[in-house]
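See structure below.
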Amino acid sequence: MAVKVNSVSARRALEALGANIKTARLKRRISVKGFAERIGVSESTVARLEKGDDGVSIGTLAMACLVLGEIDRISDFLDAGTDDTGLLLDRESLPKRIDRKRTPKSSSKGQDAAAPIADGDDEEGVGF
């Protein structure tokens, strides 16, 4: 059973998507009949897709994008590397500060416990 889209903004987005698909089809001079045949659906399904009907399957959308030469847009949709909100949330979850591993205090009085390690290496790896 398909979920009915009740959100006005989601409905508008679907209508805009449908209009964009129709415009792309017309620019490529593909008839509704030819488009339907190449996608593998009926002409009425193409009409529903171009109106932004929320009941048209994602598979039909993928095939329409393939026929229009825009299939990469489906695989790039919400890509983790370009998802600004996701990247911002990742950044916010980073630690605010990083504590260095504390070194045990030296028992000899001649050495300063806060002196840096001479070669820049610590127990966890190379220091920068």
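Note that the numbering runs from 1 along the sequence shown for the chain.
- The structure places CZ of Arg38 at 11.5 Å from CZ of Arg25, a figure rounded to the nearest 0.5 Å.
- Remark: side-chain polar atoms of Arg91 are not paired, donor with acceptor, to backbone N or O of Leu87 under 3.5 angstrom.
- Checked for salt-bridge contact, Arg73 and Glu70 meet the test: a charged N lies under 4.0 Å from a carboxylate O.
- By the 6.0 Å contact criterion, CZ on Arg12 is open, its count of non-hydrogen atoms from other residues, nucleotides or ligands being 12 or less.
- Of all heavy-atom pairs between Ile30 and Gly34, the closest is CG2-C, 4.1 Å.
- Using a 4.5 Å cut-off between side-chain heavy atoms of Ile, Leu, Val, Met, Phe, Trp and Tyr, with links allowed through other members, Ile74 and Met63 fall into the same hydrophobic cluster.
- Clustering ILVMFWY residues whenever any of their side-chain heavy atoms sit less than 4.5 angstrom apart, transitively, puts Val46 in the very cluster that holds Ile71.
- Of the inter-residue distances, the one linking Asp72 atom CG with Ser75 atom OG reads 5.0 Å to the nearest 0.5 angstrom.
- Following chains of ILVMFWY side-chain contacts shorter than 4.5 Å, one cannot reach Leu26 starting from Val32, and the two form parts of different hydrophobic clusters.
- No continuous path of hydrophobic side-chain contacts links Val5 to Leu49 [ILVMFWY only; heavy atoms under 4.5 Å].
- The residue from Asp54, Asp53, Thr60 that alone fulfils the side chain to side chain donor-acceptor pair (under 3.5 Å) condition with Arg48 is Asp53.
- Shown here for Ser44 and Ser42, the closest heavy-atom pair between the two residues is OG-OG, 3.0 Å.
- Taking each heavy atom of Gly52 and Arg11 in turn, the nearest pair found is O-NH1, 3.6 Å.
- Once rounded to the nearest 0.5 Å, the distance linking OG1 of Thr82 with CG of Asp84 reads 7.5 Å.
- Side chains of Leu68 and Phe35 form a contact here, defined as non-hydrogen atoms less than 4.5 Å apart.
- Counting non-hydrogen atoms of other residues, nucleotides and ligands closer than 6.0 Å to CG of Leu88 gives a total above 12.
- Connection of Val67 to Leu17 is established within a shared hydrophobic cluster, with ILVMFWY side chains joined at heavy-atom distances below 4.5 Å, either directly or through further cluster members.
- For Glu50 against Ile21, the heavy-atom pair with the smallest separation is CG-CG2, 4.3 Å.
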